[in-house]
Amino acid sequence: MLEIIKYNEDEYAFPCLLVLGCFDSIHIGHAELLKKAKLQAKINGLDLGVMMFKEGKGGRQVATFEERQKLLEQFNVKFILLIDYTEEFKKTTASEFLENIEQKLNVKAYMSGRDFRYGFDAKGKSSTLKAYAEDEENGVWYMQVKDVTYVGEKVSTTLIKNCIEVGNLVKAGALLGRNYSVTGFVIEGANRGKKVVGFPTVNMRYPVDKMEVKKGVYKVKCLVGDEEFIGIANYGPRPTFNEQSSVLEAHLDGFIGTLYGRSVTVEFIEYIREIVKFESVEELQAQLKLDLKQAKLKV
């Protein structure tokens, strides 16, 4: 379990390499940086720490703090330097930021991406860190890691959010290095999926802290405990039944049973189509059969 070190409060005595950045999604660019940091920490006998804002910089997140925490474990990260993105923190100058860190942590090295900015008005940058490390009195070294690109575009959380918003989950998954997913508890619905439509579904409230996918029908993978099911999911209203509230409703192909109250993770693989109002249940059934067939063809 990773140790949580609160910025400007908790201490960490063992010599460490601290990776600086926002790490608000843990995408393929972050992964490249963390792989290099893991290697450098091992070579130099240092513990590896990662700076992180718990709630990102505000708004809905691509990955929750708990999800990011779990992802960091694969890189042998020992601790997270947890920072609250408050108005007071935003006023911290670049030099004060490093001073505050080194008063509490035994930092021997820093690493960051080339575009990392820190301190009031983002005046601190990779060149600032380089100059700081080259001053022998500071007793640290610094390594910068180049940006990672995907089909000519710089990988970033902003780009991933844009992909999620417009329904390009294939590209979002490629940038993340995994399918974009949400996790929630199954709630009881109207039971129309099983009794009326012939497609039993699990209903979930979309997490309020996660980036919303574009409203529509998706090919998904659903994780229930250790089991995986390919399926289709509808996020948004259900106009055929005159319901306008947005619900995440998923059909798990091959699943038999009930899941009320259990946690389910829905991984969005691909956008299939827009939500349509059908004139009859039979039309809806026919379309869902086609949606499921399309989803299964691309497994």
Side-chain angles (χ1 to χ4, degrees), residues 7 17-38 40 48-75 77 80-85 89-90 92 94 97 110-130 142-182 207-214 218 267-271:
Y7 170 77
L17 185 161
L18 182 63
V19 186
L20 301 173
C22 291
F23 295 97
D24 44 2
S25 63
I26 315 296
H27 51 58
I28 58 174
H30 292 143
E32 190 63 27
L33 172 56
L34 290 166
K35 286 176 190 172
K36 287 181 168 61
K38 177 183 176 180
Q40 289 299 322
L48 180 58
V50 174
M51 162 191 162
M52 189 179 288
F53 299 111
K54 186 168 185 178
E55 306 298 336
K57 290 188 175 181
R60 289 177 177 256
Q61 302 179 74
V62 173
T64 65
F65 176 71
E66 291 73 20
E67 289 169 339
R68 286 178 279 149
Q69 190 174 356
K70 188 174 181 181
L71 288 165
L72 287 180
E73 291 175 355
Q74 64 186 290
F75 299 102
V77 174
I80 291 172
L81 177 62
L82 188 61
I83 302 176
D84 290 328
Y85 196 64
F89 174 76
K90 292 177 190 177
T92 306
F97 175 66
Y110 293 104
M111 286 182 71
S112 77
R114 189 176 66 179
D115 65 346
F116 175 65
R117 297 289 184 272
Y118 65 101
F120 181 68
D121 280 348
K123 289 186 177 178
K125 49 191 176 181
S126 55
S127 59
T128 312
L129 278 167
K130 185 174 182 292
Y142 168 67
M143 180 182 289
Q144 176 198 112
V145 176
K146 292 180 180 179
D147 295 334
V148 172
T149 60
Y150 177 80
V151 195
E153 290 182 283
K154 179 190 157 190
V155 179
S156 70
T157 300
T158 299
L159 178 59
I160 293 167
K161 286 183 175 181
N162 290 340
C163 291
I164 293 168
E165 286 178 333
V166 302
N168 192 346
L169 274 297
V170 173
K171 184 174 179 180
L175 295 168
L176 283 168
R178 62 188 184 278
N179 295 324
Y180 177 64
S181 66
V182 300
V208 296
D209 56 350
K210 291 279 287 188
M211 281 295 300
E212 279 188 281
V213 294
K214 177 182 177 180
Y218 290 84
E267 296 185 0
F268 295 91
I269 299 173
E270 185 176 18
Y271 183 85

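The figures here come from the full heavy-atom set of this structure, side chains too, leaving out hydrogens, waters and symmetry mates. All residue numbers refer to positions in the sequence shown, counting from 1.
- Of all heavy-atom pairs between Asp84 and Phe89, the closest is O-CB, 3.6 Å.
- Annotation: the span from Gln40 atom CD to Met143 atom CE amounts to 3.5 Å, rounded to 0.5 Å.
- A heavy-atom distance below 4.5 Å is not found between the side chains of Phe65 and Asp209.
- Taking the side chain as every heavy atom from C-beta outward, Leu48 and Val19 approach each other to under 4.5 Å.
- Using a 4.5 Å cut-off on side-chain heavy atoms (C-beta onward), Leu129 and Leu20 make contact.
- Residue pairs meeting the salt bridge (charged side-chain N to carboxylate O under 4.0 Å, His left out) criterion with at least one partner in residues 160-169, sequence neighbours excluded, are absent.
- For the pair Tyr180/Val62, a side-chain contact is recorded, criterion being any heavy-atom separation below 4.5 Å from C-beta on.
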* Take Lys70 and Glu66 through the test salt bridge (charged side-chain N to carboxylate O under 4.0 Å, His left out) and record every step on the way to the result. => CA-CA 6 Å; Lys70 188 174 181 181; Glu66 291 73 20; over 6 Å; no

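- Note that CG of Leu176 and CG of Leu71 are 9.0 Å apart. Values are rounded to the nearest 0.5 Å.
- Between the NZ atom of Lys130 and the CD atom of Gln144 there is a distance of 9.0 Å, given to the nearest 0.5 Å.
- We find that Lys210 and Glu67 are joined by a salt bridge, their nearest charged nitrogen and carboxylate oxygen being less than 4.0 Å apart.
- With sequence neighbours left out, the side chain to side chain contact (heavy atoms under 4.5 Å, CB included) criterion links Glu153 to Leu159, Lys171.
- Counting only heavy atoms from C-beta outward, the side chains of Phe75 and Val50 never approach each other to under 4.5 Å.
- The minimum heavy-atom distance between Glu55 and Arg68, with the atom names listed, is N-NH2, 4.4 Å.
- Residues Leu175 and Cys163 come closest through the heavy atom pair CD1-SG, 4.1 Å.
- More than 12 heavy atoms of other residues, nucleotides or ligands shown are found within 6.0 angstrom of NZ on Lys90.
- Residues forming a side-chain hydrogen bond (donor to acceptor under 3.5 Å, both in side chains) with Gln69 (at least two apart in sequence, or on another chain): none.
- Here Tyr218 pairs with Phe268, Tyr271 under the ring pair (Phe, Tyr, Trp, His ring centres under 6.0 Å) rule; sequence neighbours left out.
- Atom CG of Leu169 sits about 11.5 Å away from atom CD1 of Ile160, to the nearest 0.5 Å.
- The environment of NZ in Lys214 is crowded: more than 12 heavy-atom neighbours from other residues, nucleotides or ligands sit within 6.0 Å.
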Could you go through residues 113-124 and list every donor-acceptor pair under 3.5 Å that involves a side-chain atom there, pairing it with any protein atom two or more places apart or in another chain?
unit_1, atom_1, unit_2, atom_2, d
Arg114, NH2, Asp147, OD2, 3.4
Asp115, OD2, Lys154, NZ, 2.1
Arg117, NH1, Asp115, O, 3.4

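- In this structure, CD1 on Ile83 lies 14.0 Å from NZ on Lys54, to the nearest 0.5 angstrom.
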* To do: Run the numbers on Ser126 and Tyr142 for side chain to side chain donor-acceptor pair (under 3.5 Å), then give the verdict.
  => CA-CA 9 Å; Ser126 55; Tyr142 168 67; 4.5 Å; no

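- For the pair Met52/Leu72, a side-chain contact is recorded, criterion being any heavy-atom separation below 4.5 Å from C-beta on.
- Sorted by first and then second residue, the pairs that involve residues 21-31 and meet side chain to side chain donor-acceptor pair (under 3.5 Å), not counting sequence neighbours, are Asp24-Thr157, Ser25-Thr157, His27-His30.
- Rounded to the nearest 0.5 angstrom, Phe97 CZ and Tyr7 OH are separated by 6.0 Å.
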